[in-house]
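Everything below concerns the one structure shown next.
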There are 4 protein chains.
Amino acid sequence: MGPPDRRPTPDRTVDVPVRNEKKGERTRRKLLEAAEQVLVTYDYHDASIAKITEAAGVAQGTFYLYFSGKKDIFDEVVAELNRKVRHAMTEAARGATSRLEAERLGFAGFFRFTREHPALYRVIRQAEFVSPSALRNHYEKIAEGYFTPLQDAMATGEVAPGDPMILAWSLMAVGEAIGMRWIVWDEAKEVPPEVFDEMMKIITRMLGGSSTEGTTEAVVEQTKRRRGEKV
Amino acid sequence: MGPPDRRPTPDRTVDVPVRNEKKGERTRRKLLEAAEQVLVTYDYHDASIAKITEAAGVAQGTFYLYFSGKKDIFDEVVAELNRKVRHAMTEAARGATSRLEAERLGFAGFFRFTREHPALYRVIRQAEFVSPSALRNHYEKIAEGYFTPLQDAMATGEVAPGDPMILAWSLMAVGEAIGMRWIVWDEAKEVPPEVFDEMMKIITRMLGGSSTEGTTEAVVEQTKRRRGEKV
Amino acid sequence: MGPPDRRPTPDRTVDVPVRNEKKGERTRRKLLEAAEQVLVTYDYHDASIAKITEAAGVAQGTFYLYFSGKKDIFDEVVAELNRKVRHAMTEAARGATSRLEAERLGFAGFFRFTREHPALYRVIRQAEFVSPSALRNHYEKIAEGYFTPLQDAMATGEVAPGDPMILAWSLMAVGEAIGMRWIVWDEAKEVPPEVFDEMMKIITRMLGGSSTEGTTEAVVEQTKRRRGEKV
Amino acid sequence: MGPPDRRPTPDRTVDVPVRNEKKGERTRRKLLEAAEQVLVTYDYHDASIAKITEAAGVAQGTFYLYFSGKKDIFDEVVAELNRKVRHAMTEAARGATSRLEAERLGFAGFFRFTREHPALYRVIRQAEFVSPSALRNHYEKIAEGYFTPLQDAMATGEVAPGDPMILAWSLMAVGEAIGMRWIVWDEAKEVPPEVFDEMMKIITRMLGGSSTEGTTEAVVEQTKRRRGEKV
DNA sequence: AATGAATGAGCTTTCATTCAT
DNA sequence: AATGAATGAAAGCTCATTCAT
């Protein structure tokens with residue numbers, strides 16, 4: 001299953017000891033990094049302990065000194081990726097002056113992450129079958145990150161009133177679908193600008209705010225300006 | 001799309017010879033049905049050829065007379081499920097008098113299908129790792145089904161102008177996310193009415209049409225009437 | 001554990017197809033024979049499936065077509081050995097004209113078996129930890145074989161009255177201990193005659209019958225005569 | 001034999017430093033006690049060094065400072081148990097006024113020990129495969145303990161003349177078999193009185209002495225009296 | 001058209017033992 | 001005197017696939 005021979009198994013992880021790190025901790029970290037790396041190329045079933053330990057440059061038995069089994073390390077990898085995606089989105093949206101701008105920047109950040117980690121994106125989705133709880137946790141954490149900002153924006157009228165959680169899930173879903181279709185499937189470096197613009201028009205309508213700033217036209221205009229196109 | 005295959009999913013593999021069906025074709029059909037059945041309970045890796053052939057009542061060797069391998073039959077099962085979901089959605093939307101109503105009915109149909117086939121839903125998602133091409137085909141066929149109707153609705157102004165394909169993907173994504181979150185995760189019999197209403201408010205904004213009929217308020221009103229609540 | 005390198009693993013079992021035996025049955029029999037053979041040299045834990053299948057000349061996977069696991073085949077081997085020992089004892093005692101003579105011949109038969117299968121003797125005792133039920137079954141079957149004859153002999157006064165089962169267990173125990181001490185430990189070809197005679201004196205007293213024939217002196221006399229010694 | 005080691009078997013490894021005991025000796029003792037404890041619950045193969053060192057509260061590596069391997073410590077544990085059983089039997093028989101009474105008390109003591117240490121009983125028998133020499137040593141020491149008393153009793157006519165060693169082995173065997181059958185298998189608190197009496201009738205005959213005191217009837221009478229039954 | 005016995009590579013996991021610190 | 005991280009061989013077992021019948 002999966003694409004087992006697209007790339008050869010990476011032989012070793014470069015072991016750069018982190019400062020103040022004990023021997024045991026370093027080995028654990030090496031294993032975690034190796035697992036992430038192996039899961040880039042192989043799916044859960046094909047990502048064997050043998051491949052992981054080989055990539056980490058340790059003996060097979062060593063694995064069980066740090067993890068109780070395959071699912072255990074998988075869960076940790078998922079948790080780490082979750083942290084990374086959320087970080088990428090939050091950082092991208094930082095400094096936005098409106099909810100809509102925050103969405104635009106956040107989506108752009110998410111797509112950038114998707115492009116930079118096309119295989120890790122696969123890992124997250126795989127969790128649905130390997131570790132449902134890890135998957136739930138992933139989506140819920142992202143949705144929760146949306147909750148308060150959307151609630152606040154609803155209070156100011158920037159976003160149409162409603163249940164912030166349902167809106168959060170809807171926005172998240174659109175981003176994921178567009179990312180899957182126009183980045184992962186097309187193995188593209190980015191969502192084509194016209195698709196992004198079109199998507200933002202839809203997102204704008206989903207938010208349904210009343211302020212001028214948030215209208216479809218205004219957004220398209222802003223974006224074009226940013227790209228240096230003429231309005 | 002005609003009404004293909006109106007038989008309900010068989011609970012067990014009962015071999016009722018179809019008229020004019022040769023022996024070989026019947027065996028092939030038995031295997032396909034058995035695979036579908038087994039994949040309801042087991043995921044791809046646990047659904048062994050042995051389980052499938054046992055369920056079909058044939059010897060293991062027979063399997064390779066009709067399918068080139070495990071992935072082969074999986075692809076065929078996915079294709080069949082795809083046919084069924086699309087059929088369920090199309091049938092549900094039949095007779096709608098507006099695009100918005102068609103969406104509402106279509107989503108309801110999709111949720112009903114999700115509720116009735118919670119495990120089959122999992123099968124489709126699993127295709128992402130087992131057979132990426134099957135998965136693409138699945139989503140693309142659904143999206144294509146949206147294309148013409150949305151294009152037409154844009155022409156009449158019922159839906160805001162734009163790229164019908166991107167809107168199709170966005171709508172599909174929202175439905176899937178809500179179905180996953182409120183049916184599959186909650187193991188619920190249906191999406192709670194208030195969630196459905198809230199989602200429809202968002203969908204309505206996504207369509208962004210100009211006709212009165214399509215406004216949020218109008219839709220909520222219609223729905224309440226249907227439920228016998230006072231407006 | 002155990003003496004792992006006394007003898008090399010036997011490479012193959014000579015496969016003499018038994019008449020009217022189907023392919024599957026023959027493979028099963030080959031595995032059973034190979035297991036018995038391997039268990040002669042190695043103890044339960046060291047008698048790996050790999051060694052067994054190699055000795056049988058089949059692939060490892062084939063093993064699981066016929067046995068559910070290691071314990072399964074072990075139980076069958078124990079059961080077969082049990083059948084063999086009881087057969088050896090019964091055959092040996094056949095034709096005895098008194099209970100005491102039957103005992104003498106039976107013990108001699110048991111010792112002969114012990115001598116011919118010193119390692120199989122070990123296998124039986126190993127069952128105590130590997131498969132307690134198999135072990136119980138083994139001893140109980142032997143004890144049961146004693147029951148009726150002893151009961152009958154008690155009725156005729158040939159053996160002192162009492163509980164035949166407790167006497168059966170006591171006789172069995174003495175035989176086993178003497179066999180262990182003077183055959184297995186000494187790797188001897190037989191229990192030394194003077195030990196055997198001494199043991200028979202004790203056995204004679206244990207039976208405690210009243211008939212002249214059964215007295216210690218009479219037995220020793222008979223035995224000496226048989227050996228051609230002068231009385 | 002003096003009264004060595006009157007401390008009860010420790011339920012847990014509590015490290016009470018013994019007077020004048022150096023640190024190294026204490027660690028060694030802790031390991032030995034931990035091994036005994038672990039072997040009560042697990043059999044040889046499942047009693048891992050990890051479990052033993054954990055129970056002893058020392059690091060795994062420390063084990064090899066005191067023992068050359070797993071078999072080494074096992075042998076020492078067996079030797080200690082051997083000391084304990086013999087001690088239990090000797091103590092029980094102390095004060096007997098005849099050989100027969102000594103047997104009766106000795107058997108009772110052995111059964112009591114068996115009942116109190118059902119798992120340790122298993123440990124001894126396991127030695128047969130783990131460490132044949134330890135096992136031989138065990139039985140030989142017990143048999144030797146019988147030797148002199150039986151020899152003396154034969155001299156006085158209390159026991160029928162013969163080879164004391166063969167009689168010793170026979171008696172030992174009967175005790176072990178009855179203990180296994182009616183205590184270990186039945187998980188009973190004691191050998192049922194009627195079984196014990198019946199066994200003593202057999203033992204009495206095995207000893208085959210001439211003095212009145214030793215007759216079956218006399219023994220049964222004594223026993224009944226002890227139990228307060230009327231004769 | 002069908003059988004089903006046989007394959008063998010590959011998996012996860014355990015554990016006695018070593019050795020640098 | 002003690003540590004505990006690391007080892008690596010070996011185990012039992014599964015399963016997609018083949019092929020002689």
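As the structure is a prediction and not an experimental result, all values here were calculated from the model.
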Where DNA chain E forms runs of at least three Watson-Crick or G-U pairs (i with j, i+1 with j-1, under 3.5 Å), the stems are E:2-21 with F:2-21
Check your understanding: In terms of side-chain geometry, is the basic nitrogen of A/R29 or A/E25 positioned less than 4.0 Å from the acidic oxygen of its partner?
Key -> no
Here the salt bridge (charged side-chain N to carboxylate O under 4.0 Å, His left out) pairs for residues 45-71 of chain D, sequence neighbours left out, are D/K71-D/D75
Between A/L65 and C/G61, whichever has its closest DNA chain F nucleotide further toward 5' is A/L65
Judged by nearest nucleotide, the residue sitting upstream toward the 5' end of DNA chain E, D/F63 or A/Q60, is A/Q60
Taking every heavy atom of D/V38 against every heavy atom of D/A47, the minimum-distance pair comes out as CG1-CB, 3.7 Å
Scanning both residues in full, the closest heavy-atom pair of B/F129 with B/P132 reads O-CD, 4.5 Å
Checklist entry - Can A/L32 and A/V77 be said to form a side chain to side chain contact (heavy atoms under 4.5 Å, CB included), step by step? => result CA-CA 7 Å; A/L32 219 33; A/V77 168; 4.1 Å; yes
Nearest heavy-atom approach of C/L39 to C/V123 is O-CG2, 3.3 Å
Residues in residues 68-78 of chain D with a heavy atom under 4.0 Å of DNA chain F, by number, are none
Pick base, sugar-phosphate or nothing for B/S48, based on heavy-atom distances below 4.0 Å to the nucleic acid. sugar-phosphate
Interatomic distance, CD@D/E36 vs CD@D/E80, rounded to 0.5 Å, equals 5.0 Å
Taken to the nearest 0.5 Å, the spacing of B/T53 OG1 from B/Q60 CD works out to 4.5 Å
Span of DNA chain F engaged by chain A, first through last nucleotide within the 4.0 Å heavy-atom cut-off, is F/dA5 to F/dG8
Across all chains, not counting sequence neighbours, the side-chain contact (heavy atoms from CB on, under 4.5 Å) partners of A/A59 are A/T62
Interatomic distance, CD1@A/I49 vs CZ@A/F63, rounded to 0.5 Å, equals 3.5 Å
Between OH of A/Y64 and C1' of E/dA16 the distance, given in whole Å, is 18 Å
Of A/G24 and D/G24, the one whose nearest nucleotide on DNA chain F sits closer to the 5' end is D/G24
D/Y42 OH to E/dT14 P, in whole Å, measures 13 Å
Contacts of C/V130 meeting side-chain contact (heavy atoms from CB on, under 4.5 Å) (sequence neighbours excluded), chain-then-number -> C/Y44, C/F74
Inset, instruction - For D/F67, answer base if it contacts any base atom (sugar-phosphate contacts may also be present), sugar-phosphate if it contacts only those atoms, and nothing otherwise; contact means non-hydrogen atoms under 4.0 Å. - result: nothing
